[in-house]
Amino acid sequence: MAEEKSLNFIEEIVEEDLKSGKYKEIVTRFPPEPNGYLHMGHAKSICLNFGLTEKYGGYTNLRFDDTNPVKEDVEYVDSIKEDVQWLGFQWKNEYYASDYFEQLYNFAVSLIKKGLAYVDDSTAEEIASGKGTPTTPGTNSPYRDRTIEENLRLFQEMRDGKYKDGEKVLRAKIDMAAINMHMRDPLMYRIKHAHHHRTGDKWCIYPMYDFAHGQSDSIEDITHSVCTLEFVPHRELYDWFIKSLEIFPSHQYEFARLNMTYTMMSKRKLLQLVNDGVVDGWDDPRMPTISALRRRGFTPESIREFCNRIGVAKRDNLIDVGLLEFCAREHLNRITDRRMVVFDPIKVVITDFPEGKTEWMEGENNPEVETLTFRKIPFTREIYIEREDFMEDAPSKYFRMTPGKMVRLKSAYIVNCDSVEKDADGNITQVNCSLLPDSKSGGENANIKVKGTIHWVSIEHAKKAELRLYDRLFTEANLDDAPGEFKDYLNLHSLDIIPDAYIEPSLLDAKDDDHFQFIRKGYFVLDRKHSSSEKLVFNRTVTLKDSWAKELKKGE
RNA sequence: UGCCCGAUAGUAUAAUGGUAGUACGACAGUUUUUGGUACUGUUUGUCUAGGUUCGAAUCCUGGUCGGGCAACCA
């Protein structure tokens with residue numbers, strides 16, 4: 001039974017349009033500019049655009065908005081395609097705004113012929129000052145009243161490469177006194193003698209966003225062109241071009257972009273982090289990019305669930321990054337196999353367990369699935385446990401190993417902690433325990449109530465692996481409001497590498513991108529970039545919830 | 001100080017003139033061979049002042065606060 005979920009405002013519009021018969025099917029598009037990697041903000045847009053046509057029928061195009069050759073690159077095209085598909089969406093058509101350059105040129109010519117566009121020789125500065133301000137009207141350019149014939153000729157010459165960058169532009173002839181600044185004779189074309197990643201050197205004039213985006217939508221019969229709030233003032237111009245050109249009337253709808261706590265979502269600033277070497281590339285697991293989240297171990301399911309939960313509205317928002325972590329835990333808890341890994345070892349000797357003996361325990365892979373499966377875990381006289389799981393003088397609420405108390409070794413025996421050995425400096429070198437008879441899993445005494453259960457690995461069988469523990473990249477929750485530079489708030493401890501953690505041997509079978517829960521520690525994924533047959537590297541996706549840590553914090 | 005958009009628990013998001021609900025968080029508890037998971041309970045909200053109405057989070061008006069708009073960027 002599907003749960004009745006309320007609609008967001010865009011779904012309401014779509015339902016109305018379908019109900020009224022305005023459209024038989026809807027068409028949306030995801031229109032990235034290939035000038036950087038996709039991040040969580042794009043994921044929200046992707047889920048919205050593809051989600052709409054998944055839900056209501058129709059289809060979604062992937063369209064690269066590649067109208068600015070100096071910033072764009074095929075590297076970005078490739079990564080964008082990979083990320084969209086990885087999220088689980090498939091576009092109907094792969095299009096490029098650059099595929100429409102010829103048609104857009106013809107559109108421009110038709111506007112010139114209608115007397116609705118003109119070539120302007122003014123400099124950038126002159127045009128800027130001619131725009132006026134939001135409270136004072138602009139002034140007409142001295143070139144505004146050129147004849148149609150002259151405009152036609154000059155525009156052709158612009159295309160033919162007769163002019164240098166910046167020498168001339170094509171402008172729409174609207175109203176220099178318009179209240180909406182975007183209507184004050186906006187630029188349609190500028191000259192850029194630059195190599196384009198797809199059209200090469202064929203063009204030296206390139207359309208501006210406003211004269212490419214809406215027209216591309218129209219060419220593709222996009223019914224609902226969904227974008228973010230900063231484009232609201234562009235909508236009047238979007239509609240003006242479509243109306244003046246008398247082409248298919250796509251409509252633009254705007255929603256609030258995603259902001260997350262402790263997260264930088266500006267492509268430009270992310271590029272800065274990459275270029276300055278603050279992070280190790282766009283897919284550094286601390287980045288908010290899709291490729292980074294993938295490497296970090298987030299699943300597409302968890303990202304889509306997150307996008308579902310945050311909703312779509314027009315109000316500015318700042319989503320707690322904890323919600324993304326919640327979605328990751330929720331999914332990973334269901335799908336991951338459990339393994340035991342000791343991060344910071346302390347040696348424990350089971351004094352009454354025979355030397356040289358290996359007992360193979362049955363460990364549950366995942367208690368959350370219906371049909372349980374098991375793996376073999378070797379148990380021996382000498383094991384490692386987590387240093388923080390032993391305490392010599394423990395408070396009453398401490399449920400782990402402490403002298404005189406019993407604790408359960410996960411999937412193995414209950415042991416009693418008998419004594420501690422120290423070196424000359426008083427450092428603990430070894431803890432001695434004895435077994436509680438028949439307390440092995442399934443044994444007679446196995447169901448005895450013991451407060452704590454801890455994880456362990458057999459010293460003889462343990463293998464080594466590198467663990468990378470990530471923390472948030474920034475120390476400030478709301479980077480937009482924080483004074484100063486965003487780089488002032490970099491978290492210097494966002495990456496903590498444990499070069500030699502001790503892993504149970506079954507982990508040797510891990511393959512690229514395999515997810516695990518390291519019991520009591522967190523969710524990890526085998527890093528495809530840094531792992532080799534000699535050295536396994538695991539990235540921590542997210543910790544487990546830790547109510548003991550919370551308890552400790554309270555005491556502070 | 002022109003125009004545009006917005007304002008509901010800590011954070012998001014519903015309620016579309018008729019009981020202010022949900023999720024995450026926080027807090028308390030139950031269960032547990034993960035101090036995990038699951039489950040239960042508690043907590044906290046309609047920016048403000050008027051108006052319309054039998055009845056307003058919702059409609060109207062004024063105000064306040066937040067965001068956006070003057071790139072040959074998208």
Side-chain angles (χ1 to χ4, degrees), chain A residues 5-8 12 31-33 35 65-68 70-72 120 122-124 127-138 165-171 178-182 184 187-192 205-206 208-210 212-213 227-236 254 256 261 267-268 308-320 322-327 329-330 333-334 338 340 364 367-368 397-400 408-412 414 439 441 446-455 480 517-522 543-552:
Chain A
K5 217 219 163 207
S6 56
L7 306 177
N8 64 52
E12 279 180 8
E33 183 189 12
N35 69 342
D65 226 334
D66 54 350
T67 57
N68 187 0
V70 299
K71 287 188 176 174
E72 295 151 9
D120 194 335
S122 307
T123 64
I127 289 175
S129 63
K131 289 237 167 161
T133 73
T135 49
T136 56
D165 287 9
E167 216 174 312
K168 284 180 167 45
V169 292
L170 184 73
R171 288 230 252 173
I179 285 165
N180 183 345
M181 297 292 290
H182 293 273
R184 323 245 262 226
L187 271 60
M188 294 166 59
Y189 270 91
R190 77 288 216 191
I191 299 169
K192 272 182 198 282
I205 57 171
Y206 293 93
M208 302 288 293
Y209 167 85
D210 286 305
H213 200 102
C227 63
T228 46
L229 247 30
E230 64 267 29
F231 292 99
V232 168
H234 294 250
R235 190 174 60 229
E236 191 180 351
E254 311 87 8
T261 55
K267 256 201 259 181
R268 188 177 58 80
N308 246 323
R309 284 174 181 255
I310 57 176
V312 177
K314 301 183 80 158
R315 168 178 15 160
D316 287 336
N317 59 77
L318 181 62
I319 309 280
D320 189 342
L323 183 62
L324 179 61
E325 293 173 351
F326 167 85
C327 293
R329 290 190 186 105
E330 183 186 55
N333 176 52
R334 288 203 314 268
R338 315 289 132 125
M340 293 200 283
E364 229 170 43
E368 302 295 323
K397 279 188 185 168
Y398 187 82
F399 301 150
R400 284 111 100 143
R408 186 188 302 276
L409 299 174
K410 175 77 180 171
S411 301
I414 296 171
S439 64
S441 298
N447 293 328
I448 286 178
K449 294 277 179 212
V450 187
K451 276 282 193 183
T453 300
I454 62 174
H455 61 279
D480 286 338
Q517 184 199 102
F518 292 173
I519 289 178
R520 302 208 303 134
K521 297 305 258 180
T543 60
L544 257 31
K545 265 174 79 177
D546 190 348
S547 51
W548 172 241
K550 204 184 261 180
E551 185 71 29
L552 287 176

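Chain identifiers are assigned alphabetically (A, B, ...) following the order of the sequence lines, protein sequences preceding nucleic acid strands; residue numbering begins at 1 within each chain. Predicted model only: the values in this text are computed from it and were never measured.
- The residue A:I414 sits apart from the nucleic acid: no heavy atom pair falls under 4.0 Å.
- Whole-Å rounding puts the A:E325 CD to B:U11 P distance at 18 Å.
- Judged by distance alone, with hydrogens and angles left aside, A:E254 brings no side-chain donor or acceptor close enough to the base of B:G6 to form a pair under 3.5 Å.
- Rounded to whole angstrom, the span from the CZ atom of A:R334 across to the C1' atom of B:A38 amounts to 13 Å.
- Electrostatic pairing of A:E254 and A:R235 counts as a salt bridge here, judged by a charged N lying under 4.0 Å from a carboxylate O.
- Considering only side-chain N and O atoms, A:K550 lies under 4.0 angstrom from the phosphate OP1 or OP2 of B:C27.
- For the pair A:L187/A:L170, no side-chain contact is recorded, criterion being any heavy-atom separation below 4.5 Å from C-beta on.
- Among the atoms of the strands shown, only primed sugar atoms or phosphate atoms (P, OP1, OP2) are found under 4.0 Å from some heavy atom of A:I310.
- Comparing the C1' positions of B:A9 and B:A23 gives an interatomic distance of 12 Å, to the nearest angstrom.
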### Message
Pairs counted only when both distances fall under 3.5 Å, Watson-Crick or G-U: show me the 5' to 3' dot-bracket for RNA chain B, [ ] for pseudoknotted crossings and | for other-strand partners.
### Response
.((((((..((((....[..)))).(((((.......)))))....(((((..]....))))))))))).....

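- For the pair A:G311 and A:V232, both in contact range of RNA chain B, the more 5′-proximal nearest nucleotide belongs to A:V232.
- Atom-to-atom distance recorded for A:E167:CD and A:T123:OG1 is 12.0 Å, nearest 0.5 angstrom.
- A:K410 has its side chain out of reach of A:R338: every pair of non-hydrogen atoms, C-beta onward, lies at least 4.5 Å apart.
- For the pair A:N308 CG and B:U22 P, the interatomic distance rounds to 19 Å; values are reported in whole Å.
- Using a 30° and 60° split on the angle between ring planes, A:Y209 and A:H234 fall in the perpendicular class, above 60°.
- Summarising the geometry, the separation between CD on A:E551 and C1' on B:G36 is reported as 16 Å, rounded to the nearest angstrom.
- Comparing B:G63 with B:C72, their P atoms are spaced 34 Å from each other, to the whole Å.
- A 6.0 Å sphere centred on CD1 of A:I448 holds more than 12 heavy atoms belonging to other residues, nucleotides or ligands.
- Side-chain atoms of A:R400 come within donor-acceptor range of the base of B:G35, with a qualifying N/O pair under 3.5 Å.
- Atom C1' of B:U64 sits at a distance of 10 Å from the matching atom of B:A49, rounded to the whole Å.
- Between the NZ atom of A:K545 and the C1' atom of B:A38 there is a distance of 11 Å, rounded to whole Å.
- For A:Q517, counting side-chain heavy atoms from C-beta on, the closest listed nucleotide (B:U34, B:U13, B:C5) is B:U34.
- Comparing A:A256 and A:N333 along RNA chain B, the residue whose closest nucleotide (by nearest heavy atom) sits nearer the 5' end is A:A256.
- One interatomic measurement links the two molecules: CZ of A:F518 to P of B:U34, which rounds to 19 Å at whole-angstrom precision.
- Note: CG (A:L323) to P (B:A26) measures 12 Å, nearest angstrom.
- Contact annotation for A:R408: base contact, defined as any heavy-atom pair under 4.0 Å involving a base atom.
- Straight-line distance between the C1' atoms of B:A26 and B:U43: roughly 8 Å, to the nearest whole Å.
- Rounded to whole Å, the C1' atom of B:A7 lies 14 Å from the corresponding atom of B:U13.
- If you take atom P in B:U22 and the same atom in B:C39, they sit 15 Å apart, rounded to whole Å.
- Nucleotides B:G10 and B:C5 place their C1' atoms 25 Å apart, quoted to the nearest Å.
- If you measure from atom NE2 of A:H455 to atom P of B:U34, you get 13 Å, rounded to the nearest angstrom.
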### Task
At under 4.0 Å between heavy atoms, which parts of nucleotides 64-74 of chain B does protein reach? Answer with one letter per nucleotide, 5' to 3': B base, S sugar-phosphate only, - none.
---S-SB-BSB

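- Considering every non-hydrogen atom in both A:S441 and A:A446, the closest pair reads CA-CB, 4.2 Å.
- Using C1' as the reference atom, B:U44 and B:A28 are 16 Å apart when rounded to the nearest Å.
- At a cut-off of 3.5 angstrom, counting only N and O atoms as typed in the model, there is a donor on one side and an acceptor on the other between the side-chain of A:S441 and the base of B:U33.
- For A:K314, whose side chain is taken as the heavy atoms from C-beta onward, the closest listed nucleotide among B:U33, B:G35, B:G6 is B:G6.
- Residue A:R338 is in base contact, counting any heavy-atom pair closer than 4.0 Å across all strands shown.
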